Amino acid sequence: MIAAWLAADRPPLTPDDDTARRWLAQELAKPEYAAARPTWFDLLSQRIAEWFGSLRVPGAGAGASGWLAVLGIVVLALLVLGAVLRFGLPRLNRRVRAAAVSGDVADARSAAELRAAADRAAAAGSWELAVIERFRALAASLAERTVVAVRPGTTAHEVAGAAASVFSAEGDALRAAADTFDAARYLGRRMGTADDARLRELDERLRRQAPVFAGAGR
């Protein structure tokens with residue numbers, strides 16, 4: 001009688017399949033098992049680590065795969081950083097492009113070198129390039145004479161305006177030269193012999209003239 005009661009009160013020592021599955025599900029539902037379950041990020045990280053670990057360099061030892069995995073992670077991080085800088089900051093990219101365009105007047109070459117480059121372009125019939133190099137030569141010549149400060153970002157019309165303040169008789173010609181430079185460089189307009197000749201003659205006239213600074217002689 002007592003043995004029958006104990007057998008009825010206790011779970012069977014050898015449960016059937018359904019009972020075993022129910023016990024396992026109840027056990028795994030406990031909070032401690034849920035907390036230990038890996039998250040999707042853990043699984044993804046594990047997959048990535050396994051993929052990098054599976055890479056092999058032909059002829060390399062076992063330790064090389066670890067370095068290869070580290071190198072792969074570094075490369076991946078650099079790619080992500082590059083994408084953020086390239087696509088995540090469009091306003092900054094636009095400012096950089098604008099600065100590069102507006103700085104086309106400034107050139108590291110001397111005025112003599114730029115004049116020679118303009119002559120070569122003219123001899124080859126590349127009038128647009130000849131006009132561009134000719135205006136750069138004019139600007140470089142004024143900078144060498146400390147008449148105008150030409151820095152990266154200085155525009156053609158800024159050069160013309162500054163030069164016109166000390167060569168007042170050439171103000172209209174300077175502004176027209178700046179218009180010609182902008183049309184050739186940015187608007188893609190076709191240029192010819194007359195356009196190059198006007199800039200060459202202006203450059204030569206300015207070289208022969210002495211600048212007259214405001215307040216001089218007072």
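Keep in mind that this is a model prediction, so the values were computed, not measured. This chain uses plain numbering: 1 for the first residue, then up along the sequence.
Atom CD of E133 sits about 4.0 Å away from atom CZ of R109, to the nearest 0.5 Å. A distance of 11.0 Å separates OG in S141 from CD in E204, rounded to the nearest 0.5 Å. Expressed to the nearest 0.5 Å, how far CE of M191 lies from CZ of R134 amounts to 14.0 Å. Of the inter-residue distances, the one linking Q209 atom CD with F167 atom CZ reads 6.0 Å to the nearest 0.5 angstrom. We find the CZ-CG distance between F135 and D179 to be 9.5 Å, quoted to the nearest 0.5 Å. In this structure, CZ in R200 is found 9.5 Å from CG in D203, a value given to the nearest 0.5 Å.
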List the steps, then state whether salt bridge (charged side-chain N to carboxylate O under 4.0 Å, His left out) holds for R198 with D195. CA-CA 5 Å; R198 279 194 297 271; D195 301 297; 2.5 Å; yes
For a side chain to side chain contact (heavy atoms under 4.5 Å, CB included) check, start with the C-alpha distance between V150 and L142, then their side-chain angles and the critical distance, and finish with the verdict. CA-CA 8 Å; V150 180; L142 294 174; 5.9 Å; no
How far apart are the C-alpha atoms of R185 and V131, what are their side-chain angles, what is the distance that settles it, and do they pass the side chain to side chain contact (heavy atoms under 4.5 Å, CB included) test? CA-CA 9 Å; R185 180 65 184 87; V131 164; over 6 Å; no
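S126 contributes no side-chain N or O that, together with a main-chain N or O of L129, makes up a donor-acceptor pair within less than 3.5 Å. A donor-acceptor pair is defined here as one N or O able to donate and one able to accept, closer than 3.5 Å; such a pair exists between the side chain of E158 and the backbone of T155. Checked by atom type and distance alone, the side chain of E144 pairs as donor or acceptor with a backbone atom of A111 at under 3.5 Å. S165 contributes a side-chain N or O that, together with a main-chain N or O of A162, makes up a donor-acceptor pair within less than 3.5 Å. Here the side chain of D196 pairs no donor or acceptor atom with the backbone of T193 at under 3.5 angstrom.
Scanning both residues, G171 and A164, for their nearest heavy atoms gives CA-CB, 3.8 Å. For the residue pair D182 and A156, the shortest heavy atom distance occurs at OD1-CB, 3.8 Å. Nearest heavy atom pair, residue A140 against residue S110, reads CB-C, 4.4 Å. When every heavy atom of R145 is checked against every heavy atom of L206, the shortest pair comes out as NH1-O, 2.7 Å. Residues A173 and R205 come closest through the heavy atom pair CB-NH2, 3.9 Å.
If you chain together hydrophobic residues whose side chains sit under 4.5 Å apart, L114 and V159 never meet in one group. When the side chains of ILVMFWY residues are joined at heavy-atom separations under 4.5 Å, either directly or via intervening members, V105 and V147 end up in a single hydrophobic cluster.
The 12-atom threshold is not exceeded at CZ of R189, counting heavy atoms of other residues, nucleotides or ligands nearer than 6.0 Å.
Contact check for L199 versus L138: no side-chain heavy atoms found under the 4.5 Å cut-off.
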